[in-house]
Each structure stands twice: as structure tokens, then as C-alpha cells.
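Not measured: the values here are computed from a predicted model. Indexing begins at 1, ligand by ligand and atom by atom, following the structure's order.
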Amino acid sequence: MKRILVIATGGTIACREGKEGLVPELTLEQLLNYVPQIRKHCELGAVQLMNLDSSNMQPCHWLEIAGRIAEEYEKYDGFVVLHGTDTMAYTAAALSYLLQEGPKPVVLTGAQKPIDQDISDARGNVIQSILYACDDRASDVNFVFNGEVIAGTRGRKIRTKSFNAFSSMDFPHKAVIRDNHVVHYIDRKNAGPLKVYDRLDEKIFALRLIPGLDAGILEELGKRYHGIILEGFGIGGFPSLEEMGFREGITRLLDQGVVVVATTQVPLEGSDLDVYEVGRLFKKDERLLEAYNMTLEAIATKLMWILPQTREWKEIHRLFYKEINFDIWR
Ligand code: ASP
């Protein structure tokens, strides 16, 4: 029988109605009592690391989760992390960078409705996560949600209420779970061994451009952040007119050693800054990174992972463009 470690961190799945609204309160033991059938599939280990609404999740919590998985890696065959859905995409992407090449699956799941409610997606999500974590062909960091398996760097919460809360952005599902069977669409099993990273640089900022934005903000951001993600328009357009000051502002940031990534705010199909003049003019500076079809969650956490390792731009480029857990295609 497979050994699976369930790690609880909070989220709606563990929520009860409090004085000020839903608040994570159920302990892991109480949660697991709602899904007794999972003990048929595996030997369970259980650890409660925190009990947070995921809006309060910080990079230090990602490091704690990754550290615990690394510590327990030899004892278990797979890991299921119960997590709030709101920032699950950031945690899944961060874990994808902190825990690389391991042959054992790490699964994140949660629920849109608390497990103690009559109508809830929680029980199904936990059971399906355990099934996937027990599967011999599974590895890497994944979401299992509403019967779908999504690579850890590809998920995004796109619905606030429905059970199909997550989408796999610009990338196929890795698998689906039908009638308690895992149907694999993408088969790539890591050979291992697990590589563990234990540092993240939190000084990353994401700026969504709107028409009329004052480029002076770039100078202010450069004083506080090591990496800045600029979400431009369409396939890759940024305000390029000289008098708007964006090109000059970005050049100054790059000269100071700030890492700048250009991406698009359009959710699907990614960027290609070479198509229009309003992109290519920026791309002329070879120090500028382009995120192509990465999700914002993956870009932000990948920078957090890269920057403690190096501040040399060529090495940053090498690491940024290296595909990790299906994060970048270009
Ligand atoms: N606010 C909750 C959280 O992210 C939402 C959820 O879990 O669905 O912790």
C-alpha cells in the first residue's frame, strides 16, 4: 500500500462560519473524518502546518511546506497539500521551483465550499487528490481539482464560486480523473533525485499597465524591488512614445540591475514582443526578459526562486528560460 502524507494549511475546505465570516477552523483530524474511504487506498500520515485563509499565505509559508515535504520525502510515496484556493496557484508554482525533479507527486487541492457543508466539492477533491498521489505514473507538483490534474505552474483560479474554479492556462491537463481512474494525457515521470531549494527573494512586483499610467512609478518601484513584471497589452505592446518615458524608465531599471520581465495581461496564448513596433522597441535591450506564455503566478515565483541564486543577467536568463514543470513554452 502507498504511503501518503496529507499536509493541512487551511483554506475554505477547513472553514466554519465565524462571527466575521468563514474562517479556517477544522483540524486535519476533523477534516479526514469526512473522507474515511481514503484509508482504503493508502496508509495515511497527517500534519497540520498552519490553518490560514490563503490570502494570508506568504513566501515563508511556501518554504515551510516545501521544507516539510523534503524532510518527509523518504518516508512517503506522495504528498497532498490542503490549501485555500485563492492563492493556491502561487503556492503550486512556488513549490514547483522549490522542489524539482522529484519522482514522487505533490498534489495541491482545496474546495470552494467547506467540507462540513451538505453541498461541497471538498470530499471529491480530497479523494481524487489521494488517488492521483497514489498513481505510479504521477510526479512533480500538481493541482487536482474538480476531476482535473493541472501542472503546478499552469493553474489559475478563474472562478470565485463554481466548483470548476481552476483552469490550466495555455497548456493541456496532465490527466483527468474519471470514475476513480486516472486517465493520463501527459506522461512525464521525473527520474529524481529530488532537488530542494530553500531561499526566495520576496522583492518582486507586478504592474498591470493601464492607459495613462505615469512611467515615473518605475523609478519608485526600482527603489524597493529586485524584480518587476510589466503586464503590457495584447501580444506584447508597451507605451513606446518617447515622451511617455517608459523606454527610458525601463532602461534605467535594467542599468541599476533590476530584473524586468515583459508579459501580457491577456490571459491566453502569451506574448511575442517581436510582432509590433511597440514591443520590438523594448525587446532591443537584450537584458529585458519576455515571459511568453507563462502565468503571472509562475513568473513571480520563478523570479523569487532565481534571484537568491544569481544577480548576473545572463545566468538569470538561462534559469528563467529553462522549462520547469511545464512552465514555459516558446
Ligand atoms: N478564502 C479561501 C482561501 O483561499 C478560499 C478557498 O479556499 O476557496 O483560503
Side-chain angles (χ1 to χ4, degrees), residues 6-35 38 46-66 68-69 79-96 98 106-130 132-133 141-150 152-169 177 200 202 206 267 295-298 300-301 304:
V6 179
I7 299 175
T9 70
T12 293
I13 194 165
C15 273
R16 275 196 175 134
E17 196 63 52
K19 262 202 267 151
E20 312 279 358
L22 288 173
V23 60
E25 229 177 57
L26 294 175
T27 62
L28 180 52
E29 208 186 309
Q30 289 170 318
L31 266 173
L32 293 175
N33 284 339
Y34 285 92
V35 278
I38 58 178
V47 6
Q48 175 106 43
L49 281 188
M50 54 206 83
N51 214 354
L52 291 177
D53 189 293
S54 75
S55 296
N56 288 323
M57 249 328 143
Q58 299 291 309
C60 62
H61 300 117
W62 306 336
L63 289 170
E64 195 179 338
I65 300 167
R68 190 58 181 253
I69 293 173
F79 301 85
V80 173
V81 180
L82 306 180
H83 194 288
T85 60
D86 292 347
T87 66
M88 191 188 288
Y90 288 94
T91 303
L95 293 181
S96 301
L98 293 171
V106 175
V107 174
L108 283 100
T109 199
Q112 292 280 69
K113 296 287 177 227
I115 203 162
D116 68 356
Q117 291 193 0
D118 290 344
I119 297 178
S120 166
D121 49 341
R123 287 178 288 275
N125 284 345
V126 174
I127 295 165
Q128 292 183 331
S129 296
I130 295 282
Y132 191 69
V141 178
N142 311 274
F143 300 78
V144 171
F145 213 91
N146 197 44
E148 295 171 342
V149 182
I150 298 172
T153 60
R154 285 286 168 186
R156 152 121 7 118
K157 185 168 181 178
I158 57 153
R159 291 188 183 84
T160 55
K161 298 176 184 171
S162 308
F163 289 173
N164 54 346
F166 283 89
S167 185
S168 184
M169 303 305 287
I177 299 167
L200 291 169
E202 295 181 20
T295 64
L296 177 67
E297 293 87 339
T301 53
M304 290 185 190

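Taking the side chain as every heavy atom from C-beta outward, Lys113 and Ile119 never approach each other to under 4.5 Å.
Aromatic ring orientation, Tyr90 versus Trp62: parallel (interplanar angle below 30°, classes split at 30° and 60°).
Checking Leu108, Leu31, Thr9 one by one against Leu82, the side-chain contact (heavy atoms from CB on, under 4.5 Å) holds for a single residue, Leu31.
Met88 CE to Glu297 CD: the interatomic distance, rounded to the nearest 0.5 Å, is 12.0 Å. The OG1 atom of Thr109 sits 8.5 Å away from the CD atom of Gln128 when rounded to the nearest 0.5 Å.
Here the heavy atom of the protein found nearest to atom 8 (O) of ligand 1 is Thr85 OG1, 2.5 Å. When hydrogens are left out, the protein atom nearest atom 2 (C) of ligand 1 is Thr12 OG1, 3.3 Å; that is the closest non-hydrogen contact.
Taking each of Cys15, Gly21, Ala165, Ser54 in turn, the one with a heavy atom nearest to atom 3 (C) of ligand 1 proves to be Ser54.
The two atoms that bring Ile65 and Met50 nearest to each other are CG1-CE, 4.1 Å, heavy atoms only.
The shortest N/O to N/O separation between Ser55 and ligand 1 does not fall below 3.5 Å. The distance criterion of under 3.5 Å between nitrogen or oxygen atoms is not met by His83 with respect to ligand 1. Not one N or O of Thr87 is nearer than 3.5 Å to an N or O of ligand 1, by distance alone.
When non-hydrogen atoms are compared, ligand 1 lies under 4.0 Å from the backbone of Ala111 (N, CA, C, O) but not from its side chain.
Proximity to Gly11 (heavy-atom distance under 4.0 Å) selects the following atoms of ligand 1: 7 (O), 9 (O).
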